Amino acid sequence: MAHPETQAGPWTPPHQLWPDGPAVRLALGADATGAANWVEWPASGKFSRLLVACPTWRGDEQKLFVLKLQQDATSPLAADPFGIDLNNASIDRAWQRELHAHYAASAAMLPKVAATTESRSLPASTYCRTTGAFFKTFCPDTIEPLRTCRNDALLTDFGLERYTQSLIRYAMGAIDGSRPPARVYTWSRDGGRRSTGGLQVRRRSELYRDYAGLWQRDLSTEQRTRLERDFPCWTCPHRSECYASAAPDSHVLAEDRLVPLNYHEAHALLLESPDLPFDALGAVLGGAPAAGLVGQYLPSPTQQERRTLLASCLDGRRAWLTPGAAATGCGPAIEAQLAREVASLKLRAFEQVCHSLALFHKQTGHAHLDLSPQQVVARFHVHPGAASPSRWTATAHLLDVDLRSEVVPDAEAMTPNTPTLFVPPPAADARYRSPLLDVANFRGAAQGTLRLTGATDQLVECTFLTPSARFQHCKPGDVVRLLPSRELPGLGDRALVGRVTEVQTGQLRAMASVPAGRQPSAAQLPCEVPAELVTFQSYGPACDLWGLGMLLANLLLVHDGRSAFDTEDLVRGLVERFEQNATDGQSSREELARSLIAQTKGLDSTSLLHDQRGRSMLMSEPLPKHLWADVWVFVLRLMSRTGRFAFATSHHDQAPMDEICETIANLAQRVEIEAFGTEPRRQELALVLAAQLHQTKPPTPTHAP
């Protein structure tokens, strides 16, 4: 990365992103072609990007932050197996859920930087590479700020795609009631097209091209004043070369020098900076050279000192707790000791992920449904000369917390009490998607009789009767849609949507929500009508356990000789063999699990080390076989659905995260005893580690937001 000073003079001046909030410096870098681009942190979400930032109100220029910003345009994702359409409105709702969690100060997530504002969106903004100036993007026709049009009726009149039914967004200036705008701008479509309503659709480069005609127009005094105040190009000495041509379709240099921070109004969060993604954390904890990883994931040219400090603190055997390791070099004993310490570090890092996920479940009451390495990041608390090495100070945080797809079973039946369903996002990583998320069971239909037995507080008690048992996959908490064949007393013929309360053979009970003022009277109940029923599974926290188990498997096994895909094949095969053999006629499931683990080729504790060349030095596995087997029994319990063995066996089970956190903590403690032994010096170092972990463990919330 080239420093911006080598390209465009001094570094970026502060940009007041929020009117009542912090000024922020944004770092620039250069791509392979030498063109300056925003430096994006690689662990951004599916609908967002992370930009390197330095708030200026603290006076600490080496403090690194990231600006999490909604993407300007979202490409259509892979076909959603649940049949849920992704559109601008659903992405906005996902962002609102994440913003709510962040502003509720969730300790499960990457911390939000404290600011003086509650504003959660940024206007469309542009940056000049040459002068380092920012300005709010405006419409060249009206000299008004460009605003994203969310008015579906207006867009339909213009012959454009609706905001709520597409992934295309259009920006336009203020609309005069007597005439529509002449041009609209989008990041999502090719330029030069005209809508059926006479609008010309322009692309982002053409927006800056259209600014060239401003100097030839007859502007009002108010418009000129506004341009002088808010448009740096208006009085810039480079204006003549940047806007040499005023022809609407002629290229101007401004197109190359002006780049959008965000082309549309965008949701935004200012977050503490992560140091490494979860995958990279596993490599560093396993002994991989940190310099290259840190340089890759801290790309900001303004953070050279930070990168050097972090890499030096993480690199080399001198950073490990093994007494005398740096002096004695490598050997079987040293290599075995390092592997035991790696096991301790990795299990403690995973314990923090479990605590974060448990906290998320408690705060939201829902499953995450998109747990993968891309959703977990790590921060190091680097303090030169501290008692514990920097490798021991990593804390894990969830990054994207709520990118699930939101489902409304029947829009016409919606009321304030209508339950919301969440399913995995269309682009969820299939390697971490639980087998409990069976697409075939997502919804089921049946014909039968609907009986209304009571009504209270905009809710009606429903019993659905059917001659055959069709509810084998339905459980209390799932959502049901009931469509009567004729009008219901006091309700009409509208569909009812509610939560299942009880499931029996041949019948299902539910509480359905109804609009205010549309409640049947006591005299009209009970009543029966033929009806159609459709059930929708409501996925619980148990669905997160498969992804959790895969995270731990990758953390333990992925190294310079084995990829995450290799690990997936190995672990999935192990789980399938276990579930096929774990019948009631078998002996203890624990014994079966240990037997399969012992027979699985390539599943040994030497895989803990990132550099597998050290395996040749080890005469035996660094961890005792019984302890290593216990770790993998824990993985199998997370990922299996076998009764009386697995942590959860149903899509709707409430994952016992407290038990999971306690189990992994006990495993980590046993590994620490193996790693540090009983020598006084090693006991002292273990106490340092325990104190550090106690300080960084996420706090337990007192109440849900």
Side-chain angles (χ1 to χ4, degrees), residues 8-10 12-21 23-26 28 36 38 72 119 121-149 169-187 191 199-266 268:
T12 312
H15 175 43
Q16 196 76 10
L17 295 179
W18 291 277
D20 56 343
V24 175
R25 292 183 184 273
L26 294 164
L28 288 179
W38 297 108
D72 298 288
S119 175
S121 64
L122 294 180
S125 303
T126 291
Y127 169 77
C128 177
R129 292 171 174 157
T130 301
T131 64
F134 282 94
F135 62 92
K136 294 177 182 178
T137 310
F138 61 93
C139 174
D141 295 322
T142 64
I143 321 299
E144 297 286 343
L146 276 177
R147 304 295 301 271
T148 302
C149 183
R169 288 185 286 172
Y170 296 97
M172 60 183 67
I175 298 176
D176 188 329
S178 62
R179 58 186 178 90
R183 293 173 285 197
V184 296
Y185 297 89
T186 182
W187 188 286
L199 284 174
Q200 186 177 13
V201 180
R202 305 282 279 173
R203 289 279 292 172
R204 67 164 185 173
S205 60
E206 294 168 320
L207 168 63
Y208 306 128
R209 182 181 301 178
D210 291 343
Y211 286 159
L214 288 173
W215 286 270
Q216 283 73 43
R217 284 175 50 190
D218 185 14
L219 301 172
S220 67
T221 302
E222 179 184 355
Q223 289 176 327
R224 287 183 174 275
T225 301
R226 186 180 303 167
L227 289 171
E228 291 174 358
R229 182 187 67 231
D230 300 331
F231 184 33
C233 298
W234 190 255
T235 56
C236 178
H238 302 282
R239 187 188 74 187
S240 59
E241 57 182 291
C242 289
Y243 300 97
S245 172
D249 291 321
S250 299
H251 178 273
V252 293
L253 189 57
E255 296 177 50
D256 304 321
R257 293 181 173 178
L258 297 179
V259 292
L261 169 62
N262 50 300
Y263 199 70
H264 295 272
E265 296 165 296

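What you see is a predicted model; the values in this text were computed from it and never measured. Residue numbers count from 1 along this sequence.
- Take E222 and apply the side chain to side chain donor-acceptor pair (under 3.5 Å) test, not counting sequence neighbours, and it matches R226.
- Nearest approach of K136 to P123, heavy atoms of both residues: CE-CG, 3.9 Å.
- Judged by distance alone, with hydrogens and angles left aside, the side-chain atoms of D72 form no donor-acceptor pair with the main-chain N or O of W187 at under 3.5 Å.
- Inspection of the Y208 and T126 side chains reveals an N or O donor paired with an N or O acceptor under 3.5 Å.
- With rounding to the nearest 0.5 angstrom, the CE atom of M172 is 4.0 Å from the SG atom of C149.
- For the pair R257 and C242, the tightest heavy-atom approach, listed with the atom from each and the gap, is NH1-SG, 3.3 Å.
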Salt bridge (charged side-chain N to carboxylate O under 4.0 Å, His left out) evaluation trace for D141 with R183: CA-CA 8 Å; D141 295 322; R183 293 173 285 197; 2.5 Å; yes
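- A distance of 12.0 Å separates CD in E255 from CZ in R203, rounded to the nearest 0.5 Å.
- How far CG of L219 is from CG of L214: 6.5 Å, rounded to the nearest 0.5 Å.
- Atom CZ in R169 sits 6.0 Å away from atom OG1 in T148 (nearest 0.5 Å).
- Interatomic distance, R224 CZ to W234 CH2, rounded to the nearest 0.5 Å: 5.0 Å.
- Across all their heavy atoms, G173 and T142 have their closest contact at CA-OG1, 3.8 Å.
- Of the candidates F138, Y185, Y170, Y185 is the only one forming a side chain to side chain contact (heavy atoms under 4.5 Å, CB included) with L146.
- Smallest separation of non-hydrogen atoms from N262 and H264: ND2-O, 2.8 Å.
- Contacts of Y243 classified as ring-ring contact (aromatic ring centres under 6.0 Å, His included), with partners at least two apart in sequence or in another chain: W215.
- In this structure, T235 OG1 and E228 CD are separated by 7.5 Å, a value rounded to the nearest 0.5 Å.
- No donor-acceptor distance shorter than 3.5 angstrom exists from the side chain of R209 to the backbone of V252, with no hydrogens or angles considered.
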